[in-house]
Number of protein chains: 2
Amino acid sequence: MNGRQVSSSRARVCIQDVARHAGVSAMTVSRALRQPEKVSENLRRRVAEAVDRVGYLPNRIAASLSSSRSNVVGLILPSLRNSLFADTIQGISDVLHGAGHHLMIADSGYGLAGEEAAIRAFLQQRVCGLLLHNTWHTDAARRLIERVGVPVAEIGDLTPEPIDITVSYSNFEAARTMTLLLARRGYRHIGFVTLPLKDNARSVERQRGYLSAVAECGLAADPTLILELPSGIGSGAKAIDRLSEVNPGLDAIFFAGDVLAVGAILECRRRGWAVPGRIAIASFDDVDLLSFTDPPVTTVRIPRYDIGRLSAEAILDRVSGRALKPVTFDLAFQIIERGSA
Amino acid sequence: MNGRQVSSSRARVCIQDVARHAGVSAMTVSRALRQPEKVSENLRRRVAEAVDRVGYLPNRIAASLSSSRSNVVGLILPSLRNSLFADTIQGISDVLHGAGHHLMIADSGYGLAGEEAAIRAFLQQRVCGLLLHNTWHTDAARRLIERVGVPVAEIGDLTPEPIDITVSYSNFEAARTMTLLLARRGYRHIGFVTLPLKDNARSVERQRGYLSAVAECGLAADPTLILELPSGIGSGAKAIDRLSEVNPGLDAIFFAGDVLAVGAILECRRRGWAVPGRIAIASFDDVDLLSFTDPPVTTVRIPRYDIGRLSAEAILDRVSGRALKPVTFDLAFQIIERGSA
DNA sequence: TTGTAAGCGTTATCAC
DNA sequence: GTGATAACGCTTACAA
């Protein structure tokens, strides 16, 4: 193996080299490659030959600088570790790569400051579009985006005042709908476990949805029925513990995150509590896991792949000038009724 | 909201504007920003002021072109949808962003041709390094990489003949070890279910590991004990079906993928088969799911976050010139013994 | 310590 | 249909 040596051709092959080999000008090569129809048949062939003879790899950096047009889209997620985002990323990637664009990914670490830093970094990379999972941003981040005028799609929640494009579902309505379902099933003391609310519009909206439903049904808006816990299997058990201790009448719990619900199911089994006999359980985010528990968990299914696909398409439409006005895609969530409630 | 208008300052702010406002040359601004220590105290302040007065966002595209140095690393995975990769991506991202670099992601669609296309595209973007999950590549892809001389780390399997850097674990040894464990436990008719072998070195190596262990133990290398199935919950049930029909004596199955094992566990419960009483089950890839099944599944745990972290560090070392020679990190896998075997 | 000039590899523009 | 020339916004190399 001697590939490591950078010897032979110190200088990278550039469009000039192709031009020389094809006996034409650089400009003609550029045209032959990007608008083959604008060039004579035989020239197209000569250029193509020269390209693989010299092993030419067009330099997109130079092209971007020259044309002031980038083909990279930036995506900022709260975390890359959370496998919930995988479907969305795939949706984005499928659309982007299908159109000759590229995807840069960063995480905000579940904080607004982290998001701002990532946005600034992406703007320095001159991304042609920005996909943000957050709907809350620092003032500085908003100003940055508006000043640069880069197309942006917010995808984590259907915000009423989007910066530009928004493609998502309503966390508020989803939580409200699930809570109403529980109430309709006859549960009267419905607990709610939320993930951390700080800097997280989605968590806040889900809690608002729960509260709204509770009020609509004339149930007591009892603060002791609400618990904020960090994500994790252990939190599910802790929730059962705390909520049932303070509220002897507790007959259902709605968890704002899948992992919490799994922990709760396990804790119930440990205690020998029948689900939903002793207590009903509902969840948010339809991860595969939830259909394998015993009983399987009633939950909200989110159109994750489509959120990715449609948001990427909206960005490309904007980039290409095909669409100029802000758009809102309100994608439908779906209540998946299973055995736990 | 009037941010959409691109009016006010048609031309983007550039380093010249900062220079003018600070009363210095462009070069001095560049230096003040990149090597503050090489510049006088008061000048540093004047430049900093000018920067936020005019709202300057350095153009990394121009910087890259000018310096022939990019700060973007490309990662190519078989699929983005597979949540197994999330930890690895986070590991990579943490290191890269901590060092002011960026991450581009693409998927190869589980095919060698797809990988080659992604590699070519990334090289056109002039990435400074490449992280490949595959260890098999088309000849053209290898030539491309060697000609350009870009640092590469292969991370999906510990290949004996890496292109450059390799940071992974041995799929062969992991599968072999697990199979030996089953043999030591007294199972004599151990089935093996592999994921598709086409274009997939990891699958092939796992199967080799199984075969090697079987041979070592003097067990029959019975082809009817081996089954190749696509991933998916349904495949687990199918495997139980087919293998047990042909092999009445079957007493254990080793699944080369987590989802398969979950499907098998469910199928066993449906049939009322005791696990491991009637049949033992072992798996590969320690997804959370496997510890929640009943019984929890004995499996191989892979250091996924560390693979990401260390491979990214190795790439950065190479990029910065700190390390020049190929490296091999053989990260340890871990057998997690649980109830299913 | 600071400034000048010449690229980096393309594409936009306008002649031919 | 094809080519010459000037950007694009920054950094390298070197001069002051």
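Residue numbers start from 1 in every chain, and the chains themselves are labelled A, B, ... in the order their sequence lines are given, proteins ahead of strands. The analysis underlying the following values was restricted to heavy atoms, covering all of them including side chains, and did not include hydrogens, waters or symmetry mates.
Rounded to whole Å, atom C1' of D/dC10 lies 14 Å from atom CG of B/Asn71. Going from atom CD of A/Gln35 over to atom P of C/dT10 covers 16 Å, rounded to whole Å. Separating the CD atom of B/Gln16 from the P atom of C/dA5 is a distance of 13 Å, rounded to the nearest angstrom.
Set against D/dC10, C/dT10, D/dG3, the side chain of B/Ile15 has D/dC10 as its closest nucleotide. With D/dC10, C/dG3, D/dG3 as the choices, the nucleotide that has an atom nearest any side-chain atom of A/Val24 turns out to be D/dG3.
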Task: From CA spacing to verdict: side-chain contact (heavy atoms from CB on, under 4.5 Å), B/Ser93, A/Ile105 - done: CA-CA 8 Å; B/Ser93 171; A/Ile105 299 196; over 6 Å; no
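Between A/Arg318 and A/Asp164, at least one side-chain nitrogen of the basic residue sits less than 4.0 Å from a carboxylate oxygen of the acidic one, meeting the salt-bridge criterion. Salt bridge status for B/Asp306 with B/Arg309: present, with a side-chain N to carboxylate O gap under 4.0 Å. A salt bridge links B/Arg120 with B/Glu116: at least one charged nitrogen is closer than 4.0 Å to a carboxylate oxygen. Ionic pairing of A/Arg46 and A/Glu49 is not present here: no N-O contact between side-chain nitrogen and carboxylate oxygen is shorter than 4.0 angstrom. Between A/Arg81 and B/Asp87 there is a salt bridge, since a side-chain N of the basic residue sits under 4.0 Å from a carboxylate O of the acidic one.
Side-chain atoms of B/Asn59 come within 3.5 Å of backbone atoms of B/Ala62 as a donor-acceptor pair (strictly under, hydrogens ignored). No side-chain donor-acceptor contact under 3.5 Å links A/Ser66 to the backbone of A/Ala63. Under a 3.5 Å cut-off, the side chain of A/Thr166 and the backbone N or O of A/Pro162 do not form any donor-acceptor pair. Judged by distance alone, the side chain of A/Ser64 and the main-chain N or O of A/Arg69 form a donor-acceptor pair under 3.5 Å.
No more than 12 heavy atoms of other residues, nucleotides or ligands lie within 6.0 Å of CD in B/Glu161, so this atom counts as exposed by the packing criterion.
Direction change of the helix axis from one end of the helix from C/dT1-D/dA16 to C/dC16-D/dG1 to the other is 30°, with five pairs defining each end axis (rounded to 10°).
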Nucleotide N/O of nucleotides 12-16 of chain D paired with protein N/O under 3.5 Å:
| unit_1 | atom_1 | unit_2 | atom_2 | d |
| --- | --- | --- | --- | --- |
| D/dT12 | OP1 | B/Arg69 | NH2 | 2.5 |

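Near DNA chain D, meaning a heavy atom under 4.0 Å away, the residues from residues 38-65 of chain A are A/Val39, A/Ser40, A/Leu43, A/Leu65.
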